[in-house]
There are 2 protein chains.
Amino acid sequence: MDLSERKLKILQAIVADFISSAEPIGSRTLSKKYDMGISPATIRNEMSDLEDMGYLTHPHTSAGRVPSDKAYRLYVNNLMQKYEIPEEDKQIISEKLTTNVMELERTIKHAASLLSDLTNLASFAITPNQESNKLKHINFLPVDKYSVVLMIVTESGRVINTTIKLKTAYTEENLNLLSRVMTYNYKGKTLSDILTLDIIKTFESDIEAMSRLVETIKPNFISTLENMLDVELYMDGLANIFSIPEYNDIEKAKVFLDIINQRKQFTDVLINRENGVIITIGNENKEDLMRDCSLITATYHVNGKLVGKLGVIGPTRMRYDEVTSIIEYMTDNISETFKVTGGDKDYE
Amino acid sequence: MDLSERKLKILQAIVADFISSAEPIGSRTLSKKYDMGISPATIRNEMSDLEDMGYLTHPHTSAGRVPSDKAYRLYVNNLMQKYEIPEEDKQIISEKLTTNVMELERTIKHAASLLSDLTNLASFAITPNQESNKLKHINFLPVDKYSVVLMIVTESGRVINTTIKLKTAYTEENLNLLSRVMTYNYKGKTLSDILTLDIIKTFESDIEAMSRLVETIKPNFISTLENMLDVELYMDGLANIFSIPEYNDIEKAKVFLDIINQRKQFTDVLINRENGVIITIGNENKEDLMRDCSLITATYHVNGKLVGKLGVIGPTRMRYDEVTSIIEYMTDNISETFKVTGGDKDYE
DNA sequence: TTTAGCACTCACTTGATAAGAGTGCTAACA
DNA sequence: TGTTAGCACTCTTATCAAGTGAGTGCTAAA
């Protein structure tokens, strides 16, 4: 059934008002505040219809009306107007997210922090899934007599390194050889292929000294690759939640913290969300604990390919227009910063 | 004035009971529960004396007694017994903190997470202050036509790297030369000296191509060093706080989150604490917001020299014995993992 | 010095009452 | 037939009074 013009107007007023006031809104207040040329009684009739259709609910008989998840969905899809981010906010965002030092982790952390500041909600971000990231080269560098640094560079421009302590001394020649052999073998393969497809074992050697070297290095190499594959979750602005009326009740606040505390599960939820700007409202979320929350996420790109996510979580009553615009603007900025330019002609 | 044996016994019973129950304890309950051979009336007299001396307080006339900060201090200094960490906990700790991959950040993060799990409090950790860390060598490595990786290795074994995008192409020879010149100039100097004492400008060059290279690299080098000097703060277990009766009141919980939310200030507080195991109770803390909290920190060492900190924050009513033991055991473990062995004979 | 007894205090609970906001229904009106 | 005014009804919230129980402080006796 279609909603009449008037019903839409009333619904929009209720949603907008409730988002800013957090108080159930009654017919009398509505007619006074929004001056829509009809009496409270008429509004009551319309409200009653809207309630039958599932757009409004009633905390108890003598309270005003509150929008349902369905109403928020309608609002987000049809009624909501585009929010223009103030110039100064835009400036702050680009300033903080544009660095010439290419440190993804740092930038993402900043992004999460900034996002929660701007929206007054709890924010989060995950680093890209690296499974399809391809290896570019591997380098072992001498540090001192018994330690070397393992450095792995991927096609997306990500560099990771670890110090490895050896039990026996090594020669520089062996180290160089190993770097070259491994690079030759693994270059262009995805990280997960290297780990799963047993490619690993190919780098063993006949030469005695080399074989000893490989032996100590192998487990370190594997665990470093595994670390690299882990998707990192950053969160910020949790304290903001306690300024929101919905979470004045300590029990509700605890539920909220529970969601976030199970980092592993929460990360999985984020990974499995579709790409692009995605809004899920209340019971649209599959996870029980999140039935009272809304989640907004958007994706950013690294090297135009790898995909990470940035978003907020909060009560279903939130500024969908504002939050959506800000998140989208931020992810665009991040993607811009990390679109690797070079890469046409490789070194070597 | 010295406390009689009996007063000490009563005080100890009150502190211990209050720590586990969080309820003010009355004379009658005390005499029944702890069976100390004297009547409630006698206990009342002693309690009254203890209150005059400042060891106990009174939420209101008809409530039981509650230990003051002074009582906790006495308890921590004299009455508290050494807590023996269960074997299984010890095992979990060493297992999680001993890695052969030397990633300090990761280990510290795990430590904070584990610590909050074991104590049910909020935990935190800061990475070592790197100011006195000395540079060991600098390496520029080619990645592709327009990007190079800058790698800095310090004496403590810390390795950091960033990808730098250049505007113009470079030659491998120039890069090698630059690596060598910079290493030669800066080796053995502390990071803060390099940044502050204007040593930076020494690495300019007469040769045209080199000079262009140096120009783009210089700001990146500086900002990388600055990043390295930043002390990182990790926190975990914030949600634990909400299971503690003291923070059932949403207002109190907010104060607590405020402390932690001002990461910069909080980091400074931690940096300025003395080394070793330090316990500050309630109003012993200089910061107003922390007057209701106790802080326990201990220091860990990297390379036997650089000092980072690990600790918990919670209400003044906490298991000082247990928490202290656990933190100390953990920092010992971390120090053990990061005592760099080699270093006698440098590479080169 | 210790203890029993007793009056007193204060927080907390329960129940009753009143006020306020809002609904739903009915009947009148355009 | 849609709109509106009026009114009874419902439900929450605030307030107040009375009763209860845990605990103290003081006094006097053992």
Side-chain angles (χ1 to χ4, degrees), chain A residues 1-11 13-15 17-18 21-68 71 245-246 248-249 252, chain B residues 1-11 13-15 17-18 21-68 71 245-246 248-249 252:
Chain A
M1 197 219 299
D2 250 6
L3 289 165
S4 71
E5 194 67 21
R6 195 168 68 184
K7 280 197 174 60
L8 282 178
K9 213 172 144 193
I10 291 176
L11 191 58
I14 293 178
V15 172
D17 194 87
F18 186 72
S21 75
E23 298 289 338
I25 180 161
S27 53
R28 212 184 136 76
T29 324
L30 194 66
S31 105
K32 246 192 292 183
K33 208 161 168 185
Y34 292 86
D35 188 33
M36 32 184 69
I38 45 177
S39 78
T42 312
I43 294 178
R44 274 207 287 286
N45 288 333
E46 296 286 39
M47 277 174 157
S48 180
D49 289 351
L50 285 167
E51 186 162 356
D52 289 344
M53 296 179 194
Y55 290 108
L56 295 178
T57 49
H58 232 166
H60 55 86
T61 12
S62 71
R65 298 310 211 287
V66 166
S68 68
E246 271 86 343
N248 261 347
D249 178 9
K252 291 244 174 89
Chain B
M1 196 217 301
D2 251 7
L3 290 165
S4 71
E5 194 68 21
R6 196 168 66 183
K7 281 197 174 60
L8 282 176
K9 212 171 144 192
I10 291 176
L11 192 57
I14 293 178
V15 172
D17 195 86
F18 187 72
S21 75
E23 299 288 337
I25 180 161
S27 54
R28 212 184 137 73
T29 324
L30 194 68
S31 104
K32 247 192 290 181
K33 208 161 167 185
Y34 292 86
D35 189 32
M36 31 185 69
I38 46 177
S39 79
T42 314
I43 294 177
R44 273 206 289 284
N45 289 330
E46 296 286 39
M47 277 176 161
S48 180
D49 290 350
L50 285 168
E51 186 161 354
D52 290 343
M53 296 180 199
Y55 290 108
L56 294 177
T57 47
H58 233 169
H60 56 87
T61 10
S62 71
R65 298 309 213 285
V66 166
S68 67
E246 272 84 343
N248 261 347
D249 178 9
K252 291 244 173 89

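Naming: A, B, ... by sequence-line order, numbering from 1 per chain.
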Contact boundaries on DNA chain D for chain B, cut-off under 4.0 Å to non-hydrogen atoms: D:dA22 to D:dG25

Within this structure, what is the CD-to-C1' distance between A:Glu23 and C:dA21, rounded to whole angstrom? 12 Å

Nearest-angstrom distance from the residue atom CD of A:Glu46 to P of C:dG22: 19 Å

Does the C:dC10 base have a donor-acceptor partner in the side chain of B:Ser62 within less than 3.5 Å? yes

Compare every heavy atom of B:Ile10 with every heavy atom of B:Met36, then report the nearest pair and how far apart it is. SD-CG1, 3.9 Å

Could you tell me if the side chain of B:Thr29 sits less than 4.5 Å from the side chain of B:Glu23, heavy atoms only? no

My understanding is that only one of A:Lys9, A:Arg65, A:Lys7 makes a salt bridge (Lys or Arg N to Asp or Glu O under 4.0 Å) with A:Glu46; could you say which? A:Lys7

Could you check whether A:Arg65 gets within reach of a base, just the sugar-phosphate, or nothing at all, counting any heavy atom under 4.0 Å? sugar-phosphate

Report the residue (A:Ser48 or B:Thr61) whose heavy-atom-nearest nucleotide on DNA chain C is the more 5′ of the two. B:Thr61

Of all the heavy-atom pairs spanning B:Ser27 and B:Arg44, show the shortest one and how long it is. OG-NH1, 3.1 Å

Nearest-0.5 Å distance that lies between atom CG in A:Asn45 and atom CG in A:Leu50: 11.0 Å

Which part of the nucleic acid, if any, lies within reach of A:Ala63 when heavy atoms closer than 4.0 Å are counted: base, sugar-phosphate only, or nothing? sugar-phosphate

Distance check needed: C:dT2 C1' versus B:Arg44 CZ, whole Å only. 12 Å

Rounded to the nearest 0.5 Å, what's the gap from CG on B:Leu11 to OG on B:Ser4? Could you check? 10.5 Å

Using heavy-atom distances to pick each residue's nearest nucleotide on DNA chain C, tell me which of B:Pro59 and B:Asn45 is more 5'. B:Asn45

